[in-house]
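Structure first, then comments.
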Amino acid sequence: MHSGWSKTTVAKKLNIKTVSTYANWEYSTREPDKDMLARIAELYNVTTDYLITGKEDPIKKQAEQAYNDPDFQYAMRSLNGMDQESKEEVLNFIEYVMQKQKGRKPGQRQPRNGQGKQEE
């Protein structure tokens with residue numbers, strides 16, 4: 001993790017009594033238990049999967065990008081004040097636009113086996 005924190009700082013933040021315990025985890029000579037792994041993930045704002053595999057969760061990354069998008073934030077604030085029927089209308093319209101963008105008629109399914117458009 002590239003937080004800029006020293007091992008001593010991280011050990012203090014995790015309430016670890018000795019810096020060498022954290023250093024052993026960092027150098028892969030020992031492994032933290034699952035509870036500590038969860039605390040480390042929370043401290044660095046990553047998933048435990050990321051700590052184990054080194055790979056980012058694509059769904060989390062996509063969610064963060066959406067959350068930080070001003071248009072998404074506006075849409076969420078707008079939906080918050082709507083009744084359920086209005087929300088369903090908005091979601092139906094989004095589905096319509098997505099299908100149109102993909103070059104399909106609304107309700108037309110994606111072709112199977114990657115071959116052209118489905119016959120009507």
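Any value given below was found using the heavy atoms of this structure, including those in side chains, with hydrogens, waters and symmetry copies removed. Worth saying up front: this structure is predicted, and the values here are computed from it rather than measured.
Between the side chain of T53 and the main chain of D49, a donor-acceptor pair closer than 3.5 Å is present. Using modelled atom types, one side-chain atom of Q73 and one backbone atom of Y67 make a donor-acceptor pair closer than 3.5 Å. For T29 (side chain) and N24 (main-chain N/O), a donor-acceptor pair under 3.5 Å exists by modelled atom type.
The OG atom of S20 sits 10.0 Å away from atom CH2 of W25, with the distance rounded to the nearest 0.5 Å. In this structure, CZ on R39 lies 13.0 Å from OH on Y44, to the nearest 0.5 angstrom.
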Q.
side-chain contact (heavy atoms from CB on, under 4.5 Å) for E95 and L91? Distances and angles first, verdict last.
A. CA-CA 6 Å; E95 180 66 26; L91 293 174; over 6 Å; no
Q: Starting from the C-alpha separation in whole Å, work towards a yes-or-no answer on side-chain contact (heavy atoms from CB on, under 4.5 Å) for I16 and M36.
A: CA-CA 10 Å; I16 300 170; M36 183 56 71; 4.2 Å; yes
Q) Where do W5 and Y22 land on the ring pair (Phe, Tyr, Trp, His ring centres under 6.0 Å) test, with the steps shown first? A) CA-CA 12 Å; W5 296 327; Y22 179 75; 9.8 Å; no
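Heavy-atom contacts from other residues, nucleotides or ligands closer than 6.0 Å to CD of E42 number 12 or fewer. Remark: Q84 CD is packed, more than 12 non-hydrogen atoms of other residues, nucleotides or ligands lying under 6.0 Å away. Surrounding NZ of K12 are at most 12 heavy atoms belonging to other residues, nucleotides or ligands under 6.0 Å away.
Taking all atoms of both residues into account, the shortest heavy-atom contact from T48 to A38 is CG2-CA, 3.9 Å. Nearest heavy-atom pair, K87 versus M82, reported as atom, atom and distance to 0.1 Å: CE-O, 3.4 Å. Of all heavy-atom pairs between I40 and P32, the closest is CD1-CG, 4.2 Å.
No continuous path of ILVMFWY side-chain contacts below 4.5 Å connects V19 to L14, so the two sit in separate hydrophobic clusters.
Counting heavy atoms from C-beta on, the side chains of Y74 and P70 never come closer than 4.5 Å. Side chains of M76 and N80 form no contact here, defined as non-hydrogen atoms less than 4.5 Å apart.
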